[in-house]
Amino acid sequence: MQVKLLDLTAQYVGLRGEIRKVIDEVCDAQAFVLGPTVERFEKHLAEYCGTKYAIGVSSGTDALLCALMAIGIGDGDEVITTPFTFFATAGSIARLQARPVFVDIDPGTFNMDPRKVEAKITRRTRAIMPVHLFGQVADMDGIGRIAQKHGLAVVEDAAQAIGAKRDGKAACAFGLCGCLSFYPTKNLGGFGDGGAICTSDEGFAGQCRLLRVHGTPGNNPYLHLELGGMFRLDALQAAVLDVKLKYLNEWHEGRRRNAAMYDRLLAGSKVKTPAIEAGNWSVYNQYVVRVENRDAVKAKLAAGGVGSAVYYPMPLHLQKCFLGLGYRAGDFPEAEQACGEVLALPVYPELAEEQIRYVAKVLLEATGS
Ligand SMILES: *Cc1c(COP(=O)(O)O)cnc(C)c1O
């Protein structure tokens, strides 16, 4: 049996007619950038995330960059974040000449450990950027309390966690804003790149909209009030995403059902299944286990026809481009250990039960469980 890590075709075949129709509508209107199609999607997205506003942008990376620019992060500022995440989280900070200040993760959830945050706050700290990794909301009570005490902005990197909840509240609604990615592998994936900033702060939303189009107010394209970027979302992407958004909760349920099945099948074995904190409703963008001899296990899965992936093989503080920050191996032991043990299994909603049973069987054999 072959089980891919992710099969987007399975989702597309069911929506082919509906998606082709809205693509045709954009083609007929020949209005490709921002405009009413994007505005309609932004309205639905804000409703979905429980925020007042959503600002569609060109990618998840640009959502993070634009949000930090809108706060006014710049030269000499510090932003506290996690070293165990996709590069864009820290990259967006560093691109503004600000300094990513890392704190280690909780080994159970892989998310930023709030108990380690306060020691990293200096007079230059401006913001905290937690990541809701693999679809589970970070400890936003702990992080929010520290941010409030020290007057820091919280920017949620919710790229992997659209629709995820903690104590009934959705990702993006905890901090000043949440940043989403619509990269095709995310739970809500477009037909290319896309992203969004969700916020309930009207002034901040306005600033993001301004910076999205080179600091231009809506009514005058040759007036530049601020130095921004070109962070616009395409109408074709918005049209596709607006269709898919209607099915997103169903897909989350499918991922959660698959995750629960893995939890049961792998219980009591040498495979460490994901730890979900009480009160958290994960959307399982990835189902990530820990195993010993990870690379050998991954090779055995591949030999058995099972796709898997390592998110992430190297923590950000050891990346070449960040050597200038002065971090060393050993600085964040939990993140470093996770990099050597994690393995993401296929969890996409369209998987059949027999496929999940097969993946679990091959994994149990590969780990000698
Ligand atoms: C995917 C992702 C991003 C960036 O999204 P792009 O749309 O690919 O630019 C940022 N942060 C995290 C945690 C992600 O997983």
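Indexing begins at 1, ligand by ligand and atom by atom, following the structure's order.
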Asker: Using the side chain to side chain contact (heavy atoms under 4.5 Å, CB included) rule, take L34 and R212 through it: C-alpha gap first, then chi angles, then the decisive distance, then the call.
Answerer: CA-CA 10 Å; L34 297 180; R212 174 170 68 175; 3.6 Å; yes
Asker: To which of A159, C179, G91 does the heavy atom nearest atom 12 (C) of ligand 1 belong?
Answerer: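 Selected option, by shortest heavy-atom distance: A159.
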Asker: Less than 3.5 Å between some nitrogen or oxygen of D193 and one of ligand 1, yes or no?
Answerer: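 No, since none of the N or O atoms of D193 sits under 3.5 Å from an N or O of ligand 1.
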Asker: Show which atoms of ligand 1 fall inside a sub-4.0 Å distance from at least one heavy-atom site of T85.
Answerer: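 Atoms satisfying the 4.0 Å criterion: 13 (C).
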Asker: Pair M129, L68 - check side chain to side chain contact (heavy atoms under 4.5 Å, CB included), show working.
Answerer: CA-CA 10 Å; M129 191 187 268; L68 292 175; 3.7 Å; yes
Asker: Using a 4.0 Å cutoff against the non-hydrogen atoms of T61, which atoms of ligand 1 qualify?
Answerer: 4 (C), 5 (O), 6 (P), 9 (O)
Asker: What about A88: any of its N or O atoms under 3.5 Å from an N or O on ligand 1?
Answerer: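 Such a contact does not occur with ligand 1.
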Asker: Check step by step if side chain to side chain contact (heavy atoms under 4.5 Å, CB included) holds for Q11 and K244.
Answerer: CA-CA 10 Å; Q11 184 189 76; K244 287 192 169 195; 2.6 Å; yes
Asker: Would you please say whether a donor-acceptor pair under 3.5 Å links the side chains of Q160 and Y311?
Answerer: no
Asker: Under 4.0 Å from a heavy atom of V131: which atoms of ligand 1 are those, numbered in the order shown and with their elements?
Answerer: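 Within the 4.0 Å cut-off of V131, ligand 1 contributes 13 (C).
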Asker: Counting non-hydrogen protein atoms only, what is the nearest one to atom 3 (C) of ligand 1? Give residue, atom name and distance.
Answerer: F86 CD2, 3.5 Å
Asker: Going by heavy atoms, is H132 under 4.0 Å from ligand 1?
Answerer: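 Checking ligand 1 against H132, which is what was asked, there is no heavy-atom contact under 4.0 Å.
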Asker: Please report which non-hydrogen protein atom sits nearest to atom 14 (C) of ligand 1, along with the residue it belongs to and the distance in Å to one decimal place.
Answerer: K186 NZ, 3.1 Å
Asker: Within the 4.0 Å heavy-atom shell around D157, which atoms of ligand 1 are there?
Answerer: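 Listed by number with element: 10 (C), 11 (N), 12 (C), 13 (C).
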Asker: Under 6.0 Å between the ring centres of F110 and Y312?
Answerer: no
Asker: Would a hydrophobic clustering, with Ile, Leu, Val, Met, Phe, Trp and Tyr connected at side-chain separations under 4.5 Å, put M140 with L152?
Answerer: yes
Asker: Is any side-chain N of the basic residue among K169 and E156 closer than 4.0 Å to the acidic one's carboxylate O?
Answerer: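 No salt bridge links K169 with E156.
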